[in-house]
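Below, each value reflects all heavy atoms present in this structure, side chains not excepted, and no hydrogens, waters or symmetry copies. All values reported here derive from a predicted model rather than from experimental measurement.
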Amino acid sequence: MKLYNTMSRQVEEFVPIVPGKVSMYCCGPTVYNYAHIGNLRTYIFEDTLKRTLVRAGYSVQHVMNITDVGHLTGDGDDGEDKMEKSARESGKSVWDIAEFYTKAFFRDEEALNIIRPDIVCKATDHIQDMIALIKRLEEGGHTYTAGGNVYFSIDSIDDYGKLARLNLDDLKSGARIEVDSNKKNPKDFVLWFTNSKFAGQAMIWDSPWGRGYPGWHIECSAMSMKYLGEHFDIHCGGIDAIPVHHTNEIAQSEAATGKTWVNYWCHGEFLLMGNAKMSKSTGGFVTLPSLEKEGYDALDYRYFCLTGHYRSQLKFSFEALDAARTARKGLMERLDALASEAVPQKEASEAAKSYMKAFDDAMENDLGSPQAVSILWKMIKDSALTASDKLIAADYMDGVLGLRLDKRVEKVEERVGSDEDWALVEERKEAKKNKDFKRADEIREELKKRGYNVKDTPSGAILEKIV
């Protein structure tokens, strides 16, 4: 098994701390809004990594946090709390906001067939763990208090910024934001905010430094070490977490323990919308439910992501997603046809096993999913293999790809609806093909008035009678 390690900027052989076992922490969502599909690309990559590790014979302990307090609108210490901002704009409490968007996130993960982490830990449930870690840093001489807030001093360590390879002499403070005047060094960061930072904060707790709430970065350090120990194998996240969040996590964790914290740092690249990364802050982001509303299956998007390498930027367009949907539909139809031909077979032939090995080799070489998908297609088209061989090999590969290939194509025994209704279905199909989503939505509503829901399947749209 080989993985690209952001710390070394090299593909390395993966050697776990404990033979046969993998400890893996992944930065989870800040639950103030829906996850956009760029966020979800990262979780698909992490799920594919976990599945590949399991296929390679490892037992994986996968921990993911839920950030429901402390993450400001800037990745540093600028802006306001994302939860508070969302609550104010929606008129709901911060607790209701957190619960609603946490459920929405896991609904997206389920639709994408992402295996739920072994441990999901909410920041608000681990405040005392964070306070204990801050006290440990304080005792080690790595903190100072100013303006009521507790700061981590990057000058207290010798290797700040090693993950991002920051040249601190070249950094120009204040280029983007007004520098916090309480900071001794502009790159210092807050471990604990008191009420002096934002008046009227809803989520606050008692601490040795006054009532307040934790900084964003301390959350991941405290929770990962609680469940995985002070030294673990893999830390994952999006590439945008490298320069600030992951850099600060490393600084405070290794300052506290005095040793290496994580062995392998794995990051997923951006999903591009046009030439820019997809971002909630710009207001123009695409969610999984919005894709589903347009008739795409969540697994069409998963397939689309697998056709790009996780470390390469991937440009999103509806044309590209259409191609992924067509490919997945074709794959499902082929497997459906094979299922009707297959005869009972205990195991795959040696020829089929060679495809399975080639698939594993591709995935174990830094998650080569584009190559792995092409191997799946080559196997499906190989006329020398039996139908049973192909089904066994496809299901084996799907254990890593996670496309639910064993579901096959849904069939409808009796067509419901009149010819006029089905003419509307065809018109909707053309409207979507021409990107006239307004007309497609109008037709969907018209069919609802007629008593039918339109359901898009890999083999085409069907009508289901509303009961």
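- A heavy-atom distance below 4.5 Å is not found between the side chains of Trp216 and Asn248.
- Listed by first and then second residue, the salt bridge (charged side-chain N to carboxylate O under 4.0 Å, His left out) pairs that reach into residues 308-318 are Arg311-Asp366, sequence neighbours excluded.
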Open item on the list: Set out, in order, the CA-CA distance, both residues' side-chain angles and the distance that settles side-chain hydrogen bond (donor to acceptor under 3.5 Å, both in side chains) for Asp382 and Tyr355, then state yes or no.
Closed with: CA-CA 10 Å; Asp382 189 341; Tyr355 279 109; 2.7 Å; yes
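- Side-chain contact between Ser224 and Val63: absent, with no pair of heavy atoms (C-beta onward) separated by less than 4.5 Å.
- Contact annotation: the side chain of Phe304 never approaches that of Ile44 to less than 4.5 Å [non-hydrogen atoms, C-beta and beyond].
- For Leu288 against Ala298, the heavy-atom pair with the smallest separation is CD2-CB, 3.9 Å.
- Shown here are the side-chain hydrogen bond (donor to acceptor under 3.5 Å, both in side chains) partners of Tyr25, two or more places apart in sequence or in another chain: Asn65.
- When side chains are defined from C-beta on, Thr42 counts as touching Glu46, because their heavy atoms get closer than 4.5 Å.
- Between Phe318 and Phe316, the two ring planes are perpendicular [angle over 60°; tilted spans 30° to 60°].
- Shortest non-hydrogen contact noted between Val60 and Asp118 is O-OD2, 3.2 Å.
- Between Arg55 and Met363 the shortest side-chain heavy-atom distance does not fall below 4.5 Å.
- Taking the charged nitrogens against the carboxylate oxygens, Lys432 and Asp322 have no contact shorter than 4.0 Å, which rules out a salt bridge.
- Ring geometry, Phe359 versus Tyr396: the interplanar angle exceeds 60°, so the pair is classed perpendicular (tilted spans 30 to 60°).
- Ion pairing of Arg439 with Glu430 is absent here, as no side-chain N (NZ or NE/NH1/NH2) approaches a carboxylate O to less than 4.0 Å.
- Taking CE of Met225 as the start and OG of Ser253 as the end, the distance is 4.0 Å to the nearest 0.5 Å.
- Ion pairing of Arg107 with Glu110 is absent here, as no side-chain N (NZ or NE/NH1/NH2) approaches a carboxylate O to less than 4.0 Å.
- Between Glu445 and Lys449 no salt bridge is recorded (no basic side-chain N to carboxylate O distance below 4.0 Å).
- Side-chain contact between Trp261 and Glu249 is present, with at least one heavy-atom pair separated by less than 4.5 Å.
- Considering every non-hydrogen atom in both His235 and Cys27, the closest pair reads CE1-SG, 3.5 Å.
- Taking all atoms of both residues into account, the shortest heavy-atom contact from Asp389 to Ala348 is OD1-CA, 3.4 Å.
- Under the 4.5 Å side-chain criterion, counting only non-hydrogen atoms from C-beta, Phe45 is in contact with Cys266.
- With sequence neighbours left out, Tyr101 forms a side-chain contact (heavy atoms from CB on, under 4.5 Å) with Val31, Asn33, Tyr34, Ser86, Ile97.
- Using the six-membered ring where Trp is involved, Phe189 and His217 have ring planes that are perpendicular, over 60° apart on the 30 and 60° scheme.
- A salt bridge (charged side-chain N to carboxylate O under 4.0 Å, His left out) with Asp297 holds for exactly one of Lys455, Arg325, Lys407, Arg328; it is Arg328.
- Between Leu338 and Ile380, some side-chain heavy-atom pair lies under the 4.5 Å cut-off.
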